[in-house]
Amino acid sequence: MSSDLPDPLCQAALEARSQAHAPYSQFMVGAALQTASGHISPGCNLENRSYGLTNCAERVALGNAVAAGHRDFQAIAIASSGGVLPCGACRQVLLEFCPQLTIFLIDVDKQVNDVGYVQTVELADLLPGGPTP
Ligand code: THU
C-alpha cells in the first residue's frame, strides 16, 4: 500500500465491513470516520427485514462517533465491492457535521494495494450547493 493512503482508517473500514448485517442485499459495507485528532469510529450497514429501516455504514459510523463525543471529522473511508459512493441521504447527513470531508473509497475487489483500490473524492463535490451547518 502506498504511504500516502490512510492505512489505519482504511483498515478500520475493512474491519467494520466484516461486521455488516446484510442478509437481504448481501452487499456488505464498512465505514470509518476520522477526527482531526486521529480518533477513528467504525460503522457497518445494518439491514432489516423491513427494508426501509436499513441504515448505511456511513450513517452508523457517524452516529457511533457523535454518540462518543466526536465532531471534528476530517476523513471517512468506505469499503465495499466496487467502491461505491455514499448515497444521497448519507451525503446530506455527513454534510451536517463535516462540510470539508475527504472520502476514501475502497474497492475490495481490486487488489492494487494492501486494502484494495482506493479512490479519493471530496464530500463538497458530491453535494454541491448542499445545506451547510
Ligand atoms: N449501503 C451502505 O451502507 N452504504 C453505501 O454507501 C451504499 C449502500 C448499504 C445499504 C444496504 O444495506 C446495502 O448497502 C445495499 O444497498
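Computed from a prediction, not measured in an experiment: that's the story for all the values here. Remember, it's 1-based here, ligands and their atoms both numbered in the order they're listed.
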Worksheet entry | Under 4.0 Å to a heavy atom of Glu58 - the qualifying atoms of ligand 1, by number | 2 (C), 3 (O), 4 (N), 5 (C), 6 (O)
Item to complete: Check Cys87 against Arg59 and note the closest heavy-atom contact, atom names and distance.
Response: SG-NH2, 4.2 Å
Fill in: Point-to-point distance, once rounded to the nearest 0.5 Å, from CZ of Arg17 to CZ of Phe27
7.5 Å
Worksheet item: Would Leu62 and Ile76 show up in the same hydrophobic cluster when neighbours are defined by side-chain heavy atoms closer than 4.5 Å?
Response: yes
Practice prompt. Answer yes if Ile78 and Met28 sit in the same cluster of Ile, Leu, Val, Met, Phe, Trp and Tyr residues linked by side chain heavy atoms under 4.5 Å apart, and no otherwise.
Written response: no
Worksheet item: Just how far is it from atom CG of Asp125 to atom CG of Leu85, taken to the nearest 0.5 Å?
Response: 11.0 Å
Discussion item. Tell me whether ligand 1 is touched by Val60 - counting only heavy atoms on the residue side and a distance under 4.0 Å.
Written reply: no
Item to complete: Give the numbers and elements of all ligand 1 atoms closer than 4.0 Å to a heavy atom of Pro86.
Response: 6 (O)
Response to the item:
Here the atoms of ligand 1 under 4.0 Å from any heavy atom belonging to Glu47 are 11 (C), 12 (O), 13 (C)
Worksheet item: How far is atom 16 (O) of ligand 1 from its nearest protein heavy atom, and which residue and atom name does that atom have?
Response: Phe27 CD2, 4.8 Å
Discussion item. Give the atom numbers and elements of ligand 1 that come within less than 4.0 Å of a heavy atom of Thr54.
Written reply: 10 (C), 11 (C), 12 (O)
Fill in: For atom 9 (C) of ligand 1, closest protein heavy-atom neighbour
Asn45 ND2, 3.5 Å
Discussion item. Can a side-chain donor-acceptor contact be found between Asp109 and Ser81 if the only test is distance below 3.5 angstrom?
Written reply: yes
Discussion item. Students should be able to answer this: which protein heavy-atom is nearest to atom 8 (C) of ligand 1, and at what distance?
Written reply: Cys56 SG, 4.2 Å
Worksheet item: Starting from atom 7 (C) of ligand 1, which protein heavy atom do you reach first, and at what distance in Å?
Response: Val84 CG2, 4.0 Å
Worksheet entry | Contact check: Ile78 vs ligand 1, nitrogen or oxygen atoms, below 3.5 angstrom | no
Practice prompt. Would you check whether Asn55 has a nitrogen or oxygen atom less than 3.5 angstrom from a nitrogen or oxygen atom of ligand 1?
Written response: no
Fill in: ring pair (Phe, Tyr, Trp, His ring centres under 6.0 Å) partners of Tyr24, counting only residues at least two apart
Tyr51
Discussion item. Please work out, at 4.0 Å between heavy atoms, whether the side chain, the backbone, both, or neither of Ser25 comes within that distance of ligand 1.
Written reply: side chain
Worksheet item: Which part of Leu85 is near ligand 1, with near meaning a heavy atom under 4.0 Å away: side chain, backbone, both or neither?
Response: backbone
Discussion item. Can you confirm whether more than 12 heavy atoms, excluding those of Glu122, are under 6.0 Å from its CD atom?
Written reply: yes
Worksheet item: When clusters are formed by joining ILVMFWY residues with side-chain heavy atoms under 4.5 Å apart, either directly or through shared neighbours, do Val66 and Leu123 land in the same one?
Response: yes
Practice prompt. Check whether any protein heavy atom sits under 4.0 Å from atom 3 (O) of ligand 1.
Written response: yes
